Structure formats: structure tokens, C-alpha cells
Amino acid sequence: MKFYNTLSRQKEEFVPLAPPCVGMYTCGPTVYNFAHIGNLRAFTFEDLLRRYLEYKGYDVQHVMNITDVEDKIIRTVRESGKTLREVTDFFTTEFFRDLDALNIKRAHVTPRATETIPDIIKLIEALIARKHAYVADDSSVYYSIQSFPEYGKLSHRKLDEQRAGARVKQDEYAKEQMADFALWKTWNEADGPVKWDSPWGPGRPGWHIECSAMSIKHLGASFDLHCGGEDLVFPHHEDEIAQSEAATGKPFVKYWLHNAHLLVEGKKMSKSAGNFFTLRDLLAKGWTGREIRYALLSCHYRDPLNFTFDGLQGARSALQRMDEFLLKLQETAALETSDELADLTSQFDAALDDDLNISAALGALFEFIREANKRMLDPLEATNVLATWRHFDAVLGFGIPVKSDVPVEVQGLVEERQAARKAKNFKQSDEIRDQLAKQGWVIEDTPKGPRAKRG
RNA sequence: GGCGGGUUAGCCAAGUGGUAAGGCGGGAGUCUGCAAAACUCCUAUGCGUCGGUUCGAAUCCGACACCCGCCUCCA
């Protein structure tokens, strides 16, 4: 199994530090707003990664942070008059609801930054003791980038090559070096009631330090996987490495995996362009979680994904094809014990082993569907395919459709229609079919007789 | 300016040296009383452009074009 490691910019064979255990940390949400479809692409990719590792027999310990103190949250608190906890609890709950809708497995541990303050303080103290951090005049604590020669190894950039960006506010903080970043931000009035005591006075943690503190706390100083959107490579993850390795003296993360961003209808998603969507926006338009999951998952995670409504329609049709296949399998499957299909499994695995090549994996599945549809499987084969597919679905998470029980009144109408057809009374049989359609039932006439299914 | 990613049919998207997977959409059929589902055939002599290497390139090399991301708190 190979993954593309941002650190080396190459695909590398995946060898965990302590197999079969795998420590996996994924950067979670900042809970001041609803997650948008771009955020959810990252979580969907991470879910595929985790599920595949579990499928391959690894014992994954997955940690995802909840960032519940941050500039935008504080602004929301100030503007709404609510407490920090009220704001962040609400959006945290909504976030988990979104994950559930997309059938994304929740991390085993989802620590909040505000519940990790003592660990954060300890980590900052260690950095100060090791001369990697300093207390500035205003009592904020900064990380000294100069103290860490390897700084830049993840994002492959040298600071002196960087343009002095217009977005950098030169005088805002009392830093020694431009590129130094805050570990602890001293309290100011705009923060209102949001503050914690520390050896450096009241304040709050910087952004990057929480992830170091939470990942080290729950996964140890060194662990296997750290994921996030590609925008986090710099500075967030670069800073995490600097902090963590400087504080512990140990290598931080073995494999860094980053997903590309998405476009919506070919354009960068933005509220002003009118192509900004949260999950609830899409659900309100009638798309289902699994359709959205399929659309987000069917493109390789390191390629930019063009998220479109045509694409969602394509996802819907593709899933209907799968569902139809799986329902027919269930109708013919035997109850005997089953064997999994080695050939199909090896194709599926080979694709995903190669840096999660989901397109190739789905290609193999659809090719198989066509072959199987062509030659009517016998009951034992159907059982085997179904068993294999259930195995795959542990990775894909699209779900196996369950055949709906046909209510007696519907069954009555189906039989009535069939009698009318036998009598060549097609006008009546079509009327009954329309009537059933209104009740959400589609009738297919097969060689074995009529088949009623949910429309 | 620095670093990185992308460009494959109407749309989405695999494929990193051996002659273009798969999905969606479209067209024509088979089946059906008609449908539906399924199946069959068709829908890229060509993979951004121009050169080069090679017996052979979407795949390697060199230019160029366009799009996108990051360059201090945005997945």
C-alpha cells in the first residue's frame, strides 16, 4: 500500500510505526459556522483512508480536533452575545450531524482545544525551556523559527524566498521575526470573556499549538498519519512539525497526506459567486448524503474536484445502477455460506493500494456489474458477490440497499394489474401502474413475473 | 516573484513507454402489449500547443499557453 507523502513529494510504501496499530490525526473543523462542501471533501477523503486502513486489517486510532477557540469564533461570540460554549457547542453538534449524513465515521477521540489548555501550556513551557520560544513584551509567546533549522521541510520552502505578503500586518504583534508565530496570545479587550490563565498571564492558545498538543496527547510524540486540506501544508502543518519536534526531540509524523481543493461548477467556491454550498443546502435541494458522498469520493483526493450538479446527477444514476444490481443479487442469493471473489477483491485492493485510486476501484466494480448482469448469476454466486460487496462497502460507505417489503395492498394492486394484462386489458393495467407510481412503487415485468420496487 | 497541482470525448474521470478503464449524458437496437430494468452497438485515429528522444509516447525531455492552490490562522 502506497501513499503520496507531502514530506517527500513521492508515493511511499506505507509501513506503520507499530503495526497493526495506526495513529491517525485529521485536522477538524473550526466551529463557528456550518461546514461547507469543500470542508466535507477533506473529511470524506480522510474517511476513505481510515476505512481502507481498517479494511486492510489495521487497528486505527483516529483523532480529530475540534477547534473551539479562534479569532472568528471570538468575533461570533462578540457579535452574537452568546457564550463561547454556546456557539461552539451548536456548531460542533451540527458538524457531527453533517458527518453522519455523509456516513463518515467519527474519530475515536475528538478533543476540543479548550479542554486541552493545560497540555498546551505544558508544551509551550517545554518550548520556552528549550529556547524554541520566547515571551514577547506584551506577554504573548512566540515560536522562534530560527531555532528550528528544518523549518520548511514539509512545504519545501525557504522563508527568505517568500514575498513579504500584503496580508501580513507588520506591526500587529510584538514578534522578533516576521515569520515567528504565536503559541500563546495575550488577552485583549476584544476577546471579552474568552481567556485562560497561564504562566504568562491571561490569554488563549495560538492556532497551531492546539494540534500539536492534542495529537501528542492522544497519539504520542510520533505517529503515522496526519491529514488535512492542501491549504494547511503551510503554515499550519509546517508549524506543527516545528513545535512538536522541537518540544519532544522526536520525529512527529511519518506520513502527511493532503487533499486538493474543489471547484464548484468550474469556479472557486465563494459566497459572492453564488456557488457556496453547505451540506444542508444540498440536502434541502433533495440530494442525499450518499449521493454527495459519491460525488466527493469518486475523484482522486489529490486532484482538484469540480463539484457540479451534473456530477451529482451522475452520482445519483451511478448509485441507482449499483443499487439495482445489489437488489437483484439479494433476490437470487442463497442462504448458504459464501466465499469472497478473489479476482474482484484483488482488483479493488490493487487500485486502492495505489494511493487510494478510487476511480480505478469503482471502474473494476462497474465492469463487474456489467459482466454479472449479462449472465444471470446463480444463487450461490449471488451470495458470494454480495458478501464481497459488503466487504467493499465497509470502505466505500455507500450502503447496501435493502429490499422494501411490499405492503399487501400494493401486492394486491400488482396482482390485479397482472390479471388485467393476462386479459389483455392494457388500459386498466396501465391505470393501475400509474396508481402504484403515485404511491412510489415501480413495476417491472420480468420473465419471472412482475417485480415491485420503490421508485 | 517563490513553491506546488492541473489540462484525456458533451460532462466527470482512470491510465506514467506498447497503441485510450469506468461512470453520467446522447443515438440506434434487443427484450416488452407499452414501459421499466438489463444487454448489444455507436458516441476521443486521439489525450492543452509546438518541438525532441524512441521501433513505438497521453505516458520521457524541452519550450509555450491557459486554469488552480499556497506564500501567517482558509479543507
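Keep in mind that the numbers below use all heavy atoms, side chains included, and drop hydrogens, waters and symmetry copies. Below, chains carry the letters A, B, ... as their sequence lines are ordered, and counting in each starts from 1. Since this is a predicted model, take the numbers as computed values, not measurements.
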(request) Would you please indicate if the ring centroids of A:Tyr142 and A:Phe181 are separated by under 6.0 Å? (result) no
What is the distance, rounded to the nearest whole Å, between atom [atom1] of [X] and atom [atom2] of [N]?
{"X": "A:Leu232", "N": "B:rG5", "atom1": "CG", "atom2": "P", "result": "18 Å"}
{"X": "A:His300", "N": "B:rG5", "atom1": "NE2", "atom2": "P", "result": "13 Å"}
{"X": "A:Glu291", "N": "B:rG23", "atom1": "CD", "atom2": "C1'", "result": "14 Å"}
{"X": "A:Arg454", "N": "B:rA36", "atom1": "CZ", "atom2": "P", "result": "21 Å"}
{"X": "A:Arg375", "N": "B:rU40", "atom1": "CZ", "atom2": "P", "result": "13 Å"}
{"X": "A:Phe95", "N": "B:rA75", "atom1": "CZ", "atom2": "C1'", "result": "10 Å"}
{"X": "A:Ile209", "N": "B:rC73", "atom1": "CD1", "atom2": "P", "result": "18 Å"}
{"X": "A:Leu49", "N": "B:rA75", "atom1": "CG", "atom2": "C1'", "result": "15 Å"}

Could you check whether atom [atom1] of [X] has more than 12 heavy atoms from other residues, nucleotides or ligands sitting under 6.0 Å from it?
{"X": "A:Asp405", "atom1": "CG", "result": "no"}
{"X": "A:Lys267", "atom1": "NZ", "result": "no"}
{"X": "A:Glu431", "atom1": "CD", "result": "yes"}

Please tell me which of the listed nucleotides, [options], lies nearest to the side chain of [X]?
{"X": "A:Asp231", "options": "B:rG33, B:rG23, B:rC74", "result": "B:rC74"}
{"X": "A:Glu230", "options": "B:rC24, B:rG69, B:rA14", "result": "B:rG69"}
{"X": "A:Asp445", "options": "B:rC34, B:rC73, B:rA36", "result": "B:rC34"}
{"X": "A:Glu70", "options": "B:rC73, B:rG33, B:rG69", "result": "B:rC73"}
{"X": "A:Lys453", "options": "B:rA37, B:rG15, B:rG23", "result": "B:rA37"}
{"X": "A:Lys374", "options": "B:rU40, B:rC70, B:rC34", "result": "B:rU40"}
{"X": "A:Arg433", "options": "B:rC74, B:rU40, B:rC34", "result": "B:rC34"}
{"X": "A:Phe234", "options": "B:rG33, B:rC3, B:rC71", "result": "B:rC71"}
{"X": "A:Lys328", "options": "B:rA75, B:rC3, B:rA37", "result": "B:rA37"}
{"X": "A:Asp430", "options": "B:rC34, B:rA38, B:rA13", "result": "B:rC34"}

[X] with [Y]: basic N within carboxylate O range, under 4.0 Å:
{"X": "A:Arg106", "Y": "A:Asp100", "answer": "yes"}
{"X": "A:Asp445", "Y": "A:Arg451", "answer": "no"}
{"X": "A:Lys2", "Y": "A:Glu13", "answer": "no"}
{"X": "A:Glu238", "Y": "A:Lys153", "answer": "no"}

(request) Would you classify A:Gly38 as touching base, sugar-phosphate or nothing, given that sugar-phosphate means primed atoms plus P, OP1 and OP2, and contacts are heavy atoms under 4.0 Å? (result) base
For atom [atom1], what is the distance between [N] and [M], given to the nearest Å?
{"N": "B:rG22", "M": "B:rA44", "atom1": "C1'", "result": "15 Å"}
{"N": "B:rA38", "M": "B:rG6", "atom1": "C1'", "result": "38 Å"}
{"N": "B:rG52", "M": "B:rU8", "atom1": "P", "result": "24 Å"}
{"N": "B:rU7", "M": "B:rC60", "atom1": "P", "result": "12 Å"}
{"N": "B:rG18", "M": "B:rG25", "atom1": "P", "result": "32 Å"}
{"N": "B:rU43", "M": "B:rA21", "atom1": "P", "result": "12 Å"}
{"N": "B:rG46", "M": "B:rU59", "atom1": "P", "result": "15 Å"}
{"N": "B:rG51", "M": "B:rG5", "atom1": "C1'", "result": "24 Å"}

(message) Please compare A:Arg9 and A:Ile369 by the position of their nearest nucleotide in RNA chain B and report the one closer to 5'.
(response) A:Arg9
(message) Reading RNA chain B from 5' onward, which residue's closest nucleotide shows up sooner: A:Arg41 or A:Phe426?
(response) A:Phe426
(message) List the residues meeting side-chain contact (heavy atoms from CB on, under 4.5 Å) with A:Pro235, not counting sequence neighbours, and say none if there are none.
(response) A:His208, A:Asp239
Strictly below 4.0 Å: does [X] bring a side-chain N or O up to OP1 or OP2 of [N]?
{"X": "A:Asn39", "N": "B:rC74", "value": "no"}
{"X": "A:Asn306", "N": "B:rC12", "value": "yes"}
{"X": "A:Arg316", "N": "B:rC24", "value": "no"}
{"X": "A:Ser155", "N": "B:rG4", "value": "no"}

(request) Heavy atoms only: give me the nearest A:Ala361-A:Phe348 pair and the separation to one decimal. (result) CB-CD1, 4.0 Å
(message) Tell me whether A:Asn65 contacts the main-chain N or O of A:Arg112 through its side chain, where contact means a donor paired with an acceptor under 3.5 Å.
(response) no
(request) Quick one: stems involving RNA chain B, counted as three or more successive Watson-Crick or G-U pairs, both distances short of 3.5 Å. (result) B:1-7 with B:65-71, B:10-12 with B:22-24, B:25-30 with B:38-43, B:48-52 with B:60-64
(message) For the residue pair A:His300 / A:Asn357, report whether a side-chain donor-acceptor contact shorter than 3.5 Å exists.
(response) no
(message) Applying the 5.5 Å / 30° rule, does A:His261 stack onto the base of B:rA75?
(response) yes
Any N/O pairs under 3.5 Å between the protein and nucleotides 19-22 of chain B? List them or say none.
residue, atom, partner, partner atom, Å
B:rA21, O2', A:Glu367, OE1, 3.3
B:rA21, N1, A:Ser359, O, 3.3

(request) Answer yes or no: side-chain N or O of A:Lys185 and base N or O of B:rC73 forming a donor-acceptor pair under 3.5 Å. (result) yes
